[in-house]
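All remarks here apply to the structure that follows.
Only this structure's heavy atoms are used, side chains among them; waters, hydrogens and symmetry mates stay out. Because the structure is a prediction, the values reported are computed rather than measured. Sequence positions, counted from 1, serve as the residue numbers for this chain.
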Amino acid sequence: MMKKENLRAISAQAIYQVLEQGQSLSSILPALQKNLDGKDSALVQEICFGIMRVLPQLEFFIRQLMDKVLTGKSRVLHYVIMVGLYQLLYTRIPAHAALSETVDAAMVLKKPQLKGLINGVLRQFQRQQPELMIQFEQTQEYYFHPSWLLKRLQSAYPEQWQDIINANNQRPPMWLRINQQYHSAEQYLTLLTEHGIEGKLHPELPEALQLVTPAAVSKLPGFDQGWATVQDLSAQYAARLLAPENSDHILDMCAAPGGKTTHILEVAPKAQILAVDVDSQRVKRITENLTRLKQQAEVKVGDGRYPEQWLDQHQQFDRILLDAPCSATGVIRRHPDIKWLRRDSDIAELVTLQAEILTNIWPYLKTGGILVYATCSVLPDENIRQIEQFLSVQKNAQLIGEPLQFLPALDSGDGFFYAKLTKNSA
């Protein structure tokens with residue numbers, strides 16, 4: 001068991017790996033948390049995700065408080081100071097404890113000579129906090145988003161961009177998808193109430209249920225038996241739009257970690273599904289989710305740009321779900337490090353990748369079949385413009401209904417886009 005005073009060092013190392021090495025929080029935190037108990041693990045998670053939400057503010061304060069930036073082998077101490085500032089601003093940890101344990105992190109990171117610097121900066125912040133807060137609120141950084149993304153959101157949503165940013169800066173709601181093969185959402189809500197967990201039903205999706213306060217899955221009744229799955233509200237529309245039937249042969253492309261695969265099988269348990277993802281590590285998650293839910297599907301590692309490498313050229317599907325690789329700008333509140341890992345130049349590259357996959361998967365859809373194109377993005381280039389471009393080239397493709405663009409909302413779902421296409425004989 002790691003000592004408590006190491007928690008600040010662990011958090012600083014995690015932030016360093018994200019911002020200096022370009023790794024994602026979700027990929028590095030499990031290893032850093034593996035030796036921590038539940039309470040300590042939760043604190044590391046809170047500090048790391050919280051810092052990613054408010055990063056520009058913390059960077060602003062450090063710039064005002066320090067003459068020189070820490071670089072080289074001392075760079076990780078920059079993030080130790082950030083951890084200290086976050087605790088003082090956003091947690092209920094007593095200031096004296098936050099200060100002493102943050103200063104001690106310098107010892108753990110083998111930089112004892114910088115203890116005085118860390119202590120001095122944090123105490124100076126305490127003295128100057130009111131003035132610094134006023135200064136920060138007058139800057140563009142007040143929105144907690146990089147300028148390139150802010151400009152794209154303002155351009156795409158001139159009336160709604162502030163609501164999107166406000167939603168992005170909040171902690172996400174926790175939505176469950178109730179497995180109707182065991183219980184209705186109403187019945188499961190009763191079970192939750194009996195376990196002291198408060199929830200509320202969704203008026204439109206019969207299997208969707210929101211927890212008033214997020215809870216560990218270990219506390220959810222029958223989670224290990226597959227009674228419920230954690231899945232955002234907007235993501236739950238994928239299976240509804242695909243409308244799978246038991247007789248269908250279905251391709252779930254870019255399927256990891258398998259949330260939509262398992263949802264399809266809850267709706268159509270006898271459907272034949274091929275779940276494919278390019279990432280071999282994430283493909284394991286599909287198998288784990290299928291196992292928990294006692295479901296069967298064929299699972300493969302494959303690149304959507306080159307389906308001929310893993311599909312028989314004559315193979316055709318009744319339905320295809322293409323959950324395309326995207327900027328993930330619709331799920332920033334769940335993965336706030338996206339704001340700092342993405343670059344403006346990434347968008348054009350992603351648009352090209354999406355178009356390649358969509359174009360190369362299309363021939364494997366039967367005439368009369370259904371393809372649902374999905375992203376967890378709010379950027380038009382990846383969404384409606386992508387589909388318009390595809391329809392202008394693919395003459396046997398036809399849009400069914402209006403595309404759906406969900407925007408992240410405080411008490412609702414994440415930002416998602418859906419377009420439902422069918423293949424004509426022409």
Side-chain angles (χ1 to χ4, degrees), residues 26 49 157 160 163-189 191-193 197-217 219-221 223 226-244 252 254-267 289 293 321 323-324 326-336 338 372-379 382-383 401-420:
S26 56
F49 276 80
Y157 304 101
Q160 298 154 295
D163 292 336
I164 296 170
I165 282 169
N166 186 32
N168 285 351
N169 291 337
Q170 308 302 317
R171 289 177 174 81
M174 184 169 176
W175 287 92
L176 302 180
R177 185 186 81 228
I178 308 309
N179 190 337
Q180 308 277 298
Q181 294 169 13
Y182 295 101
H183 305 91
S184 67
E186 291 86 350
Q187 290 168 332
Y188 195 79
L189 181 59
L191 283 174
L192 287 174
T193 305
I197 300 173
E198 193 178 348
K200 50 188 178 182
L201 304 172
H202 189 263
E204 189 175 319
L205 292 185
E207 61 268 52
L209 190 157
Q210 183 186 358
L211 298 188
V212 173
T213 303
V217 294
K219 302 276 174 57
L220 300 178
F223 181 82
W227 294 1
T229 295
V230 179
Q231 187 179 41
D232 178 70
L233 174 67
S234 298
Q236 294 187 38
Y237 280 85
R240 164 170 283 216
L241 289 166
L242 194 67
D252 186 358
C254 311
K260 298 179 183 72
T261 311
T262 55
H263 193 186
I264 292 166
L265 284 166
E266 286 176 16
V267 176
N289 279 312
L293 291 162
L321 172 61
D323 191 2
C326 70
S327 62
T329 45
V331 293
I332 282 172
R333 60 185 180 179
R334 295 191 189 281
H335 305 282
I338 286 167
V372 172
Y373 174 86
T375 75
C376 55
S377 168
V378 295
L379 301 181
E382 301 177 87
N383 296 340
E402 290 293 318
L404 293 175
Q405 177 68 73
F406 294 107
L407 300 177
L410 295 181
D411 205 28
S412 187
D414 293 338
F416 262 77
F417 175 82
Y418 292 105
K420 187 172 181 177

Q: Evaluate side-chain contact (heavy atoms from CB on, under 4.5 Å) for Asn383 paired with Gln405, printing each intermediate quantity in order.
A: CA-CA 8 Å; Asn383 296 340; Gln405 177 68 73; 2.9 Å; yes

Q) Going through the distances and angles, do Asn289 and Thr262 end up as a side-chain hydrogen bond (donor to acceptor under 3.5 Å, both in side chains)? A) CA-CA 7 Å; Asn289 279 312; Thr262 55; over 6 Å; no

Q: Dump the intermediate steps for side-chain contact (heavy atoms from CB on, under 4.5 Å) on Glu186 and Leu201, then the final yes or no.
A: CA-CA 7 Å; Glu186 291 86 350; Leu201 304 172; 3.6 Å; yes

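With 3.5 Å as the limit, one finds a donor-acceptor pair spanning the side chains of Glu382 and Ser327. Inspection of the Ser234 and Asp414 side chains reveals no N or O donor paired with an N or O acceptor under 3.5 Å. No side-chain donor-acceptor contact under 3.5 Å links Gln236 and Asp232. Side-chain contact annotation: Asn179 with Glu207, donor-acceptor N/O pair under 3.5 Å absent.
Between His183 and Trp227, the ring planes are perpendicular. Angles over 60° get that label, and only those under 30° would be called parallel.
Side chain of Tyr188 to backbone of Tyr182: no donor-acceptor contact under 3.5 angstrom is found. With Lys420 contributing its side chain and Leu241 its backbone, the two residues share a donor-acceptor pair below 3.5 Å. A distance-only check finds no donor-acceptor pair linking the side chain of Ser412 to the backbone of Ala409 [under 3.5 Å].
Inter-residue side-chain proximity for Ser377 and Phe417 is flagged as unmet; no heavy-atom pair is nearer than 4.5 Å. Looking at Leu211 and Leu192, their side chains come closer than 4.5 Å, going by heavy atoms from C-beta outward. Contact annotation: the side chain of Val378 approaches that of Tyr157 to within less than 4.5 Å [non-hydrogen atoms, C-beta and beyond]. Between Leu220 and Leu176, some side-chain heavy-atom pair lies under the 4.5 Å cut-off. Two residues are said to be in side-chain contact when any heavy atoms from C-beta on lie closer than 4.5 Å; Leu410 and Gln170 meet this criterion. Between Ser184 and Pro206 there is no side-chain heavy-atom pair separated by less than 4.5 Å. Here the side chains of Leu407 and Asp163 are not in contact, with every heavy-atom distance at 4.5 Å or above.
Residues Ala324 and Thr375 come closest through the heavy atom pair CB-CG2, 4.3 Å. Pairing each heavy atom of Ala239 with each of Pro244, the nearest pair is O-CD, 3.3 Å. Taking both residues in full, the closest heavy atoms of Gln210 and Pro173 are given as NE2-CB, 3.4 Å, listed atom of the first, atom of the second, then distance. The two residues Val217 and Val230 come nearest to each other via the heavy atoms CG1-CG2, 3.7 Å. When all heavy atoms of Ala238 and Tyr418 are compared, the pair lying nearest together is N-OH, 3.3 Å. In plain terms, the two heavy atoms of Pro408 and Asn168 that are nearest each other are CG-OD1, 3.6 Å.
In this structure, the separation between NE2 on His335 and SG on Cys376 is 7.5 Å, given to the nearest 0.5 Å. Going from atom CG of Leu379 over to atom OG1 of Thr329 covers 3.5 Å, rounded to the nearest 0.5 Å. Here the CD-CG distance, from Gln181 to Leu265, works out to 8.5 Å after rounding to the nearest 0.5 Å. Separation of atoms CD (Gln160) and CD1 (Ile165) is listed at 12.0 Å; rounding is to 0.5 Å.
At a threshold of 4.0 Å, the pair Asp323-Lys260 counts as salt-bridged, since one of the basic side-chain nitrogens sits closer than that to a carboxylate oxygen.
Of the listed residues (Leu191, Leu209, Leu205), just one forms a side chain to side chain contact (heavy atoms under 4.5 Å, CB included) with Ile178, and that residue is Leu209.
Within 6.0 Å of the CD atom in Glu198, the count of heavy atoms belonging to other residues, nucleotides or ligands does not exceed 12.
Applying the side-chain contact (heavy atoms from CB on, under 4.5 Å) criterion to Glu204, with sequence neighbours excluded, gives His202, Tyr237, Arg240.
Applying the salt bridge (Lys or Arg N to Asp or Glu O under 4.0 Å) definition to pairs two or more places apart or across chains, those involving residues 170-184 are Glu46-Arg171, Arg177-Glu266.
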